[in-house]
A.B. asks: 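I have a structure here, written as structure tokens, and I will follow up with some questions on it.
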Amino acid sequence: MTRWGMKIIEYETIELLKQSEKSAVHLVREKGGEQVFIRKELKGRQNIYWELQSCPHPYLPKLYEALFSGGVTTVIEEYIEGPLLSAVELSEKQVRDAARELCCVLEFLHGKGIIHRDIKPSNILLARDGHIRLIDFDAARMPKKDLEQDTRLLGTRGYAPPEQYGFAQTDGRTDVYSLGVTLKQLLGERAQKLRYRRVLQRCTNLNPDKRYPSVRRMERAFFYERRCIPGAAALLLLLLFLWLPGWKRPPVLPAPENPRWDGETGIALWGNVPDSGDNEVAYSWRLYWKDTVSPPTPEEQWLLEGRMSGNGGQGKDFPIYEMNLSPHLKENGVYYFSVSATGDGVHFTDSPYALSDAFAFTGASAPPLPMPEGLAWEAVDTGLGWVYYATWSNLDDYADTDSFNVTVYDQNGGYVINNIWTKAKVLKVGYNGIQIQGKYFAGGAGKYRFTVQAQTSRPNLYRSSPKPIPTREEFLSPWLTVSEP
């Protein structure tokens, strides 16, 4: 039980996720509700969580409550769906994106005097919005003056530097070390490239004085220090390059035209910008909530943000781009969204954000859509290989504009892929389900099953169906066994 304002919140336990002598972590649900949370019970007073509660960041889980009673600290935090970086293979671009976001959140934490002390792939989630979340602050601390070494020797061997085992007091350079080890692991053989090798070697120097003095310096080196010629010669070439006729910085993309809500459907529409992205169009979006019909100012904090890229029929040749934002509408009020076309950094840079019109949401107490039932796999031999469809039996219960989020898991419970289609697309493409291409099944062999969430496009009449918890059998399809080709 905990208190938010004047409301008493009670929880029911769904699953024990992790337990040790000093802590227990449970997946819990608000009693009588649908929202899922993480509840941590930690021995002793863990002051770090009170610090974190006062400094939210988009790459950290939201902390809803931190209480101390009976010698135990209880923490309620956001449940984030997505795989750990230790469980997925990342492209070089994805590793670089993760590195940039880790540097961003660590610089923020260090500015608050917080040292994480346990940076590793298994403490970094890749959330569904495409961004990372840094989790598990049980080993975190705040440096103290006149203290020669840490009093609590915590961390993970292989990722923690020598000072974390009592040789000196940890500081920001401790996280620089662990970040270097983490990026080396995520890059794999690519870490041997000259552009990375020198930076990672300095990050992981056993002597803290020989590491980068800050995460910002480390980030600058990782992304920008690529000097292969003497400084004077490089400067001369740069001046010559700037002098050349016709040289200019990549132009800014035009902002998406006419961002708007599609009537009462809760679907966001805007004019497509074909030059955005790389192989497919790409956009960044922000969602705003207001209690009156007054547009947000440019400086106003948004409620949510995310990125998306074109898939299925939403390619470069389509005049209108659309995205269903209905599942994100929770509290009655007026919602706006803004959208920016994402540049590739070479031919174009990001566009300004364009603001939508208002959407009046009144469906906070609306009934949920029915849960998808009769989950089953449909395998189709195309002649060029097998294609698999995630299907359910009650498709007729939904409107054509409602959408379905299918998430696939492997035999170890690991996240594989998720795909979102509207009912109209499911009917058009055929087989009454969402296509999952065989290339997403690791190695072409293994066992897989999926969950489905029905996402409303009529938010004032219905809410989205409850988000399935993968570990509950009633929300999982039968197993699909994929054999070696």
Side-chain angles (χ1 to χ4, degrees), residues 81-83 87-89 126 128 265 267 280 308-315 318 322-324 326-327 368-458 462-485:
E81 193 164 356
V88 294
E89 291 188 13
L126 182 60
R128 281 190 170 181
T265 66
I267 293 175
E280 54 187 12
M308 84 288 292
S309 56
N311 58 69
Q314 300 296 127
F318 283 70
E322 67 178 52
M323 178 184 180
N324 187 1
S326 297
L369 288 173
M371 290 290 295
E373 300 173 352
L375 276 57
W377 287 101
E378 182 79 25
V380 178
D381 187 357
T382 64
L384 299 175
W386 287 94
V387 175
Y388 305 93
Y389 290 83
T391 71
W392 52 101
S393 61
N394 59 332
L395 189 60
D396 291 341
D397 291 345
Y398 307 96
D400 285 357
T401 50
D402 291 340
S403 57
F404 303 92
N405 188 351
V406 165
T407 306
V408 180
Y409 301 89
D410 63 21
Q411 58 201 20
N412 299 315
Y415 166 90
V416 177
I417 187 177
N418 74 287
N419 207 353
I420 301 175
W421 284 11
T422 63
K423 176 183 173 180
K425 183 173 180 179
V426 169
L427 294 173
K428 181 178 179 181
V429 174
Y431 299 102
N432 292 328
I434 293 180
Q435 184 184 101
I436 306 295
Q437 296 183 22
K439 66 180 181 180
Y440 293 111
F441 298 138
K447 294 173 66 179
Y448 305 89
R449 49 186 183 174
F450 66 89
T451 61
V452 187
Q453 182 192 25
Q455 298 183 338
T456 183
S457 61
R458 301 161 287 165
Y462 298 97
R463 289 175 291 135
S464 299
S465 69
K467 184 176 292 185
I469 306 302
T471 50
R472 296 179 64 181
E473 289 295 322
E474 62 265 36
F475 293 139
L476 287 160
S477 73
W479 288 105
L480 167 70
T481 301
V482 180
S483 301
E484 293 283 357

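Heads up: numbering here begins at 1 and tracks the sequence. Remember, predicted model here, so these are calculated numbers, not experimental data.
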A.B. asks: When you measure from the side chain of Y398 to the backbone N and O of P370, does any donor-acceptor pair fall under 3.5 Å?
C.D. replies: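 Indeed, once roles are kept as given, a pair shorter than 3.5 Å links the two residues.
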A.B. asks: Going through the distances and angles, do M371 and W392 end up as a side chain to side chain contact (heavy atoms under 4.5 Å, CB included)?
C.D. replies: CA-CA 10 Å; M371 290 290 295; W392 52 101; over 6 Å; no
A.B. asks: Short question: side chain of N419, backbone of I436 - any donor-acceptor pair under 3.5 Å?
C.D. replies: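 It does not hold such a pair.
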A.B. asks: With a 3.5 Å distance limit and no angle check, can you tell me whether E373 reaches the backbone of N394 through a side-chain donor-acceptor pair?
C.D. replies: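 No, because the side chain of E373 does not come within donor-acceptor range (under 3.5 Å) of the backbone of N394.
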A.B. asks: About how many Å separate CG of D400 and NZ of K428, when rounded to the nearest 0.5 Å?
C.D. replies: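 Rounded to the nearest 0.5 Å, the NZ-CG separation comes to 12.5 Å.
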A.B. asks: Say you draw a straight line from OG1 of T407 to CD of E81; how long is it, rounded to the nearest 0.5 Å?
C.D. replies: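 The OG1 atom of T407 sits 5.5 Å away from the CD atom of E81.
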A.B. asks: Taking the side chain as C-beta and beyond, is there a heavy-atom pair between N324 and T422 under 4.5 Å?
C.D. replies: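 Result no, sub-4.5 Å side-chain heavy-atom pair not found.
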A.B. asks: If I take atom CG from residue L480 and atom NZ from residue K447, how far apart are they, to the nearest 0.5 angstrom?
C.D. replies: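 It comes to 10.5 Å.
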A.B. asks: Roughly how far, to the nearest 0.5 Å, is CD of Q455 from CG of N405?
C.D. replies: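 The CG atom of N405 sits 5.0 Å away from the CD atom of Q455.
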A.B. asks: For Y462, which residues count as a ring pair (Phe, Tyr, Trp, His ring centres under 6.0 Å) partner, sequence neighbours excluded?
C.D. replies: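 Ring pair (Phe, Tyr, Trp, His ring centres under 6.0 Å) check on Y462 returns nothing, list empty.
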A.B. asks: Got a donor-acceptor contact below 3.5 angstrom from the N432 side chain to the V426 backbone?
C.D. replies: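 Side chain of N432 to backbone of V426, a donor-acceptor pair under 3.5 Å: no, none is there.
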A.B. asks: Does T391 reach the main-chain N or O of A376 with its side chain, forming a donor-acceptor pair under 3.5 Å?
C.D. replies: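 Such a contact is found between T391 side chain and A376 backbone.
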A.B. asks: Closer than 3.5 angstrom, by distance alone: can the side chain of D402 be matched with the main-chain N or O of S457 as a donor-acceptor pair?
C.D. replies: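 Yes, the answer is positive, given that a donor and an acceptor are paired below the 3.5 Å cut-off.
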A.B. asks: Backbone N or O of S465 within a donor-acceptor pair of the Q453 side chain at under 3.5 Å?
C.D. replies: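 Yes: the side chain of Q453 pairs with the backbone of S465.
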A.B. asks: Are E473 and R449 side-chain neighbours, meaning at least one heavy-atom pair lies under 4.5 Å?
C.D. replies: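 With C-beta onward as the side chain, the pair touches.
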A.B. asks: Taking the side chain as every heavy atom from C-beta outward, state whether V406 and W421 have any pair of such atoms under 4.5 Å apart.
C.D. replies: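 No, their side chains stay 4.5 Å or more apart.
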A.B. asks: So with a 6.0 Å cut-off around CD of E89, is the heavy-atom count from everything else above 12?
C.D. replies: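 Not buried by this count: 12 neighbours or fewer within 6.0 Å.
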A.B. asks: If we only count heavy atoms from C-beta on, is the L369 to R458 side-chain gap below 4.5 Å?
C.D. replies: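 The answer is yes, as the side chains (C-beta and beyond) meet within the 4.5 Å cut-off.
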A.B. asks: Rounded to the nearest 0.5 Å, what's the gap from NZ on K423 to OG1 on T401? Could you check?
C.D. replies: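 One gets 9.5 Å once the value is rounded to the nearest 0.5 Å.
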A.B. asks: Would you say S326's side chain and S464's backbone share a donor-acceptor pair under 3.5 angstrom?
C.D. replies: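 Not a single qualifying donor-acceptor pair exists.
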A.B. asks: To the closest 0.5 Å, what do you measure between CD1 (I420) and CD1 (I434)?
C.D. replies: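 Between I420 CD1 and I434 CD1, I get 8.0 Å after rounding to 0.5 Å.
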A.B. asks: Using the six-membered ring wherever Trp is involved, compare the ring planes of Y388 and W377 and label them parallel, tilted or perpendicular (cut-offs 30° and 60°).
C.D. replies: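 Rings of Y388 and W377: perpendicular, over 60°.
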